[in-house]
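We use all heavy atoms of the structure for the numbers below, so side chains are in, but hydrogens, waters and symmetry mates are not.
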Amino acid sequence: GVDDFPENKEDVAYHLAITLDDEENLAWYSKLARERRKNFLKNCLRITLDALEKRIINKTKAAYFAGVIKYKTYQQ
């Protein structure tokens, strides 16, 4: 989840992959962890998990998370 978000970049990537049930794309999460601020990723994960709780995710958690990343990137 968000409350137990790790400090180490490698751990961040693994945490995202596991939390989003998307271990097969660990390399992409590793790239995100290297290139993005931890707080940015944590916020995007929080948005994704909130959407999951509200049952507004149509596809997968990972796809929704990717959409949040894209939206937040272009919003800045």
Side-chain angles (χ1 to χ4, degrees):
V2 177
D3 295 331
D4 55 347
F5 209 79
E7 292 294 323
N8 178 298
K9 289 182 190 250
E10 289 178 23
D11 292 341
V12 166
Y14 188 71
H15 182 76
L16 289 171
I18 295 295
T19 303
L20 298 169
D21 298 323
D22 194 28
E23 294 90 345
E24 63 269 16
N25 289 308
L26 182 58
W28 183 68
Y29 295 108
S30 294
K31 183 176 191 280
L32 283 176
R34 284 191 312 271
E35 296 176 356
R36 301 302 184 108
R37 292 184 330 272
K38 187 180 76 153
N39 284 339
F40 174 82
L41 296 173
K42 188 175 181 178
N43 186 41
C44 291
L45 181 61
R46 178 177 286 115
I47 291 167
T48 301
L49 295 178
D50 286 348
L52 179 68
E53 192 173 297
K54 294 175 185 172
R55 300 179 184 198
I56 58 176
I57 294 179
N58 296 329
K59 296 182 181 177
T60 65
K61 291 185 282 186
Y64 193 92
F65 179 78
V68 172
I69 293 279
K70 186 176 182 180
Y71 177 78
K72 289 288 194 184
T73 296
Y74 293 110
Q75 186 183 41
Q76 292 177 349

Reported [atom1]-to-[atom2] distance for the pair [X] and [Y], which is rounded to 0.5 angstrom:
X     : Y     : atom1 : atom2 : answer
Lys9  : Arg36 : NZ    : CZ    : 11.5 Å
Phe5  : Leu16 : CZ    : CG    : 4.5 Å
Leu52 : Leu45 : CG    : CG    : 10.5 Å
Glu10 : His15 : CD    : NE2   : 15.5 Å

Quiz prompt | Passing option when Tyr29 is tested against Leu41, Val12, Leu20 for side chain to side chain contact (heavy atoms under 4.5 Å, CB included) | solution =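 The side chain to side chain contact (heavy atoms under 4.5 Å, CB included) with Tyr29 is passed solely by Leu20 among Leu41, Val12, Leu20.
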Quiz item: If only atom types and distance count, is the side chain of Asn25 paired as donor or acceptor with the main-chain N or O of Trp28 below 3.5 Å?
Solution: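 Side chain of Asn25 to backbone of Trp28: no pair is present.
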Quiz item: For atom NZ of Lys38, is the number of surrounding heavy atoms from other residues, nucleotides or ligands below 6.0 Å larger than 12?
Solution: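 Yes.
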Practice problem: Return yes when atom CD of Glu7 has more than 12 non-hydrogen atoms of other residues, nucleotides or ligands closer than 6.0 Å, and no otherwise. | Solution: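 Atom CD in Glu7 is not packed in, count stays at 12 or less.
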Quiz item: If two hydrophobic side chains count as joined below 4.5 Å and joins carry through other members, does Leu49 share a cluster with Phe40?
Solution: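 In one cluster: yes.
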Quiz item: Are the side chains of Phe65 and Leu32 in touch, meaning some heavy atoms are under 4.5 Å apart?
Solution: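 Yes; the side chains approach each other to less than 4.5 Å.
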Self-check item: side chain to side chain donor-acceptor pair (under 3.5 Å) partners of residues 54-68, not counting sequence neighbours, each pair once
Solution: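 Listed once each, the pairs are Asp21-Lys61.
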Quiz item: Which pairs with one or both residues in residues 42-53 pass side chain to side chain donor-acceptor pair (under 3.5 Å), sequence neighbours excluded?
Solution: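 Residue pairs with at least one partner in residues 42-53: there are none.
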Quiz item: Do you know the tightest heavy-atom contact between Cys44 and Ile69?
Solution: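 Closest heavy-atom pair between Cys44 and Ile69: SG-CD1, 3.8 Å.
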